[in-house]
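For ligands, and for the atoms within them, numbers begin at 1 and follow the listed sequence. Position 1 is the first residue of the sequence; numbering continues from there. Reckoned from all heavy atoms, side chains included, excluding hydrogens, waters and symmetry mates.
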Amino acid sequence: MSFAALWESLLPIGRDGSSGGYRRFSWTPEDAACRAWFTRAAAERDLRVLTDNNGNLWAWWDPPGSPGPGAPGGSKAVVTGSHLDSVPNGGAFDGPLGIVSAFAAVDQLRERGCLPVRPLGIAAFTEEEGARFGVACLGSRLLAGAIDPGAARALADAAGVTLAGAMAAAGHDPDGIGPADDLLAAVGAYVELHIEQGRALADLGAAIAVGEQIWPHGRWRLDFTGRPDHAGTATLADRRDPMLPFAAAVLAARQAAASHGARATIGKVTAEPGAVNAVSARVCAWLDARGPDERTLQAVVGEVLAAAREAAAGHGVELAAEPESVTPAVVFDQGLRERLASSLAGQDIPAPLLPTGAGHDAGVLAARVPAAMLFVRNPTGVSHSPAEHAEPADCAAGVRALATVLEDLACR
Ligand SMILES: [Zn+2]
């Protein structure tokens with residue numbers, strides 16, 4: 001089966017031998033290896049590969065005699081895809097499952113004797129996780145004009161390397177990044193297959209779901225500034241320890257999320273100077289919050305910040321809090337969603353509707369083109385971890401579902 005061979009060939013790239021987790025960050029040697037893998041998989045299938053101005057990869061299957069996507073008189077393209085980058089120590093499935101399934105679905109369409117009557121594209125979006133430059137879905141945001149190109153070029157990684165510098169070092173011209181309206185205008189539908197994140201399908205007894213909406217979500221940066229001091233000699237009463245209101249914020253995030261049926265997480269923190277025997281001068285923490293609607297999200301963040309402020313004031317600590325990125329709710333195109341549901345139902349593939357708390361390129365693109373998602377069952381729900389998993393039978397069901405949907409959208 002083509003899926004297994006493709007999967008095996010991608011698996012070793014960027015994998016850490018000891019943890020089994022992945023470190024595939026944009027514009028690194030691991031990223032270059034993923035790009036070479038994509039180009040090879042496309043070439044093996046006679047697909048035409050293009051790298052757009054923002055570094056996103058596209059593999060095109062042109063209908064016989066077609067002038068290609070975006071050409072005058074040509075019909076709008078159907079695009080599927082996902083991303084190949086990972087979070088630090090991420091799992092194998094988040095992103096790659098959508099790309100490998102896309103190539104396998106093309107194979108399945110050919111086996112079924114289907115020919116596209118409109119261009120069929122496979123896209124791999126750059127820096128979806130925001131793991132290197134801090135902005136999630138950077139490649140699709142640039143494509144859709146959802147981030148200023150100048151601001152994007154100046155984004156820096158932990159070592160101070162800018163996006164512009166990293167792109168140039170990888171042989172890609174950073175001056176050309178920005179919206180590609182002609183390319184987007186040529187896309188009539190985008191369907192992203194993705195591993196389920198969180199556990200719902202296991203309880204529903206279904207291998208596949210159709211995406212309903214993406215929860216509104218955002219990242220807030222909290223800077224607690226206190227006074228550095230000696231851990232052994234500074235009396236408790238004299239201390240202005242920023243670690244204490246930070247701890248209150250962590251607990252408040254958990255409590256607010258629980259009371260509102262939402263999610264709130266502090267998963268990244270830095271302490272300065274970071275000495276075992278010193279009261280910290282400064283603690284920086286990042287709050288990730290998500291909720292079923294905007295009002296709930298605002299309520300959760302409001303409660304966390306109020307608790308952090310109160311605790312900071314009680315300990316003589318300054319708190320500066322600001323949003324780094326906030327993404328509103330995305331409800332996927334209803335017409336496209338219903339079309340997916342009916343073509344799956346036509347093949348007796350059960351596919352309940354599922355909302356998600358995770359952001360995706362499909363959510364960014366939904367502002368510009370009809371977009372939809374398919375989820376593949378993740379039995380434990382664990383994601384952004386080496387334990388992320390989907391059973392081979394469910395991966396096969398995903399390929400079949402994607403091929404069914406693409407046949408309906410691109411071959412009729
Ligand atoms: Zn993903």
Short check: any N/O/S atom of His360 below 2.8 Å from the Zn ion (ligand 1)? no
Of all the N, O or S atoms in Asp94, which has the shortest distance to the Zn ion (ligand 1)? OD1
Residue pairs involving residues 13-32 (criterion ring-ring contact (aromatic ring centres under 6.0 Å, His included); sequence neighbours excluded): Trp27-His172
Taking 2.8 Å as the cut-off, does Glu129 contribute an N, O or S atom near the Zn ion (ligand 1), distance below it? no
Without swapping roles, check the side chain of Arg35 against the backbone of Thr51 for a donor-acceptor pair under 3.5 Å. no
Ring-plane angle category for Phe375 and His360, please: parallel below 30°, perpendicular beyond 60°, tilted otherwise. tilted
Do the rings of Phe93 and His389 sit parallel, tilted or perpendicular, given the 30° and 60° boundaries? perpendicular
